[in-house]
Amino acid sequence: ALGRFQDANGFFRNANALAANDPVINTGWGELFLEKYNRSEALKSFQSALKARADYVPAQVGLAETTLEEDPPAAKSAIEAALKINPSYVPAHLLLAELALDNRERTEAQAAVQKALAVNPNSLEARSLEAAIAFLEGRTSDFQSAVAGVLKLNPAYGDVYRVAGDHAGRNYRFDEAVDLTRRALEVESTSTRAYEDLG
């Protein structure tokens, strides 16, 4: 949360040395690797977590996210299997929404977002995806309303613009993607992810 990724990595390494078979530690470490685009290390961490506990939903979803680009159908099956174990796991619903958006299935994406919001109405990630879908569909007032709702919950959450910009870019709407990502940086000037997206 503080952007001290090297320190976080060191803490995970030390924790893993003390409890190598702890699925929570390995999953958290995998999520850190995913955030820093180190998919090979993320894969190892999620596999270690699942070796210790095969039904650990956060690790199942992390593994699905790690393999999403290489094998989307297998990732989708893994997410759906995780949701059978825990139908209330918000990150799984959001990953299904992302997958649906990649396939231009906005109705399916919206349904997944609504399931996430039914569990946690204040999920900033879910609300940001909802805003992105409104933007893609040209529902400007809905987009602005969704953005305002997110920023009311957290005035420094630039991802509400960054996520919309990311999806605009995936739909080849590059000028809009640049504008949205710059707005994200106006809200959250320290967002390394927004800088990466802008680049």
Side-chain angles (χ1 to χ4, degrees), residues 1-105 108-109 112-113 115-116 119-120 123-126 128-129 132 159 162-163 165-167 169-171 181 190-199:
L2 296 172
R4 293 165 46 198
F5 298 110
Q6 294 296 335
D7 289 343
N9 187 51
F11 290 133
F12 275 122
R13 183 179 294 110
N14 292 342
N16 192 56
L18 296 170
N21 292 323
D22 189 318
V24 177
I25 293 169
N26 280 299
T27 299
W29 205 1
E31 288 167 350
L32 175 69
F33 286 130
L34 257 185
E35 189 172 344
K36 299 314 291 176
Y37 303 102
N38 187 340
R39 292 189 178 275
S40 61
E41 290 299 320
L43 183 65
K44 290 178 194 173
S45 292
F46 293 130
Q47 287 172 335
S48 294
L50 291 169
K51 186 176 178 184
R53 187 173 151 196
D55 65 346
Y56 189 57
V57 168
Q60 290 175 327
V61 173
L63 186 64
E65 188 174 356
T66 305
T67 58
L68 191 63
E69 290 179 13
E70 292 78 26
D71 193 349
K76 184 176 182 180
S77 295
I79 299 164
E80 289 170 343
L83 283 169
K84 285 180 182 173
I85 298 169
N86 182 356
S88 298
Y89 192 62
V90 170
H93 290 295
L94 297 182
L95 197 53
L96 277 181
E98 292 277 3
L99 188 58
L101 283 175
D102 284 347
N103 292 326
R104 309 294 190 263
E105 296 166 348
E108 187 178 326
V113 169
K115 287 178 183 175
V119 176
N120 180 4
S123 167
L124 298 176
E125 296 86 356
S128 296
L129 268 177
D159 259 15
R162 187 199 63 75
V163 169
D166 177 44
H167 285 285
R170 292 188 208 184
N171 284 269
T181 308
T190 58
S191 171
T192 54
R193 201 154 171 205
Y195 279 111
E196 289 164 357
D197 286 1
L198 188 60

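By the side chain to side chain contact (heavy atoms under 4.5 Å, CB included) test, Ala116 is found to be paired with Val90, His93, Leu94, Ala126, residues two or more places apart in sequence or in another chain being considered. Remark: Asn103 pairs with no residue by the side chain to side chain donor-acceptor pair (under 3.5 Å) rule, at least two apart or across chains. Looking at residues two or more places apart in sequence or on another chain, you find no side chain to side chain donor-acceptor pair (under 3.5 Å) involving Asn21. With sequence neighbours excluded, the residues forming a side chain to side chain contact (heavy atoms under 4.5 Å, CB included) with Arg170 are Glu98, Asp102, Asp166, His167, listed by chain and number.
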Considering only distance and modelled atom types, tabulate donor-acceptor pairs under 3.5 Å from the side chains of residues 190-199, sequence neighbours left out.
residue: Ser191; atom: OG; partner: Ala194; partner atom: N; Å: 3.1
residue: Tyr195; atom: OH; partner: Ser189; partner atom: O; Å: 3.4
residue: Glu196; atom: OE1; partner: Tyr37; partner atom: OH; Å: 3.2
residue: Asp197; atom: OD2; partner: Arg162; partner atom: NH1; Å: 2.8

Can you give each donor-acceptor pair under 3.5 Å made by side-chain atoms of residues 73-88, sequence neighbours left out, with the distance rounded to 0.1 Å?
residue: Lys76; atom: NZ; partner: Glu108; partner atom: OE2; Å: 3.3
residue: Ser77; atom: OG; partner: Pro73; partner atom: O; Å: 3.2
residue: Asn86; atom: OD1; partner: Ser88; partner atom: N; Å: 3.0

Donor-acceptor pairs are to be reported for all side-chain atoms of residues 58-70 against protein atoms at under 3.5 Å, with residues two or more places apart or in another chain.
residue: Gln60; atom: NE2; partner: Ala54; partner atom: O; Å: 3.1
residue: Thr66; atom: OG1; partner: Gly62; partner atom: O; Å: 2.8
residue: Thr67; atom: OG1; partner: Leu63; partner atom: O; Å: 3.1
residue: Thr67; atom: OG1; partner: Ala64; partner atom: O; Å: 3.3

Residues 25-35 side chain polar contacts: donor-acceptor under 3.5 Å, at least two apart:
residue: Asn26; atom: ND2; partner: Ala20; partner atom: O; Å: 3.0
residue: Asn26; atom: ND2; partner: Asp22; partner atom: O; Å: 3.2
residue: Thr27; atom: OG1; partner: Pro23; partner atom: O; Å: 2.7
residue: Trp29; atom: NE1; partner: Asn9; partner atom: OD1; Å: 2.7

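Note: Phe46 CZ to Tyr56 OH = 10.5 Å, rounded to the nearest 0.5 Å. Separating the CG atom in Leu96 from the NZ atom in Lys115 is a distance of 8.0 Å, to the nearest 0.5 Å.
For Ala132 against Val163, the heavy-atom pair with the smallest separation is CB-CG1, 4.1 Å.
A salt bridge (charged side-chain N to carboxylate O under 4.0 Å, His left out) check over residues 42-64, counting only residues at least two apart or in different chains, returns the pairs Glu41-Lys44, Arg53-Asp55. Residue pairs meeting the salt bridge (charged side-chain N to carboxylate O under 4.0 Å, His left out) criterion with at least one partner in residues 5-14, sequence neighbours excluded, are Arg4-Asp7.
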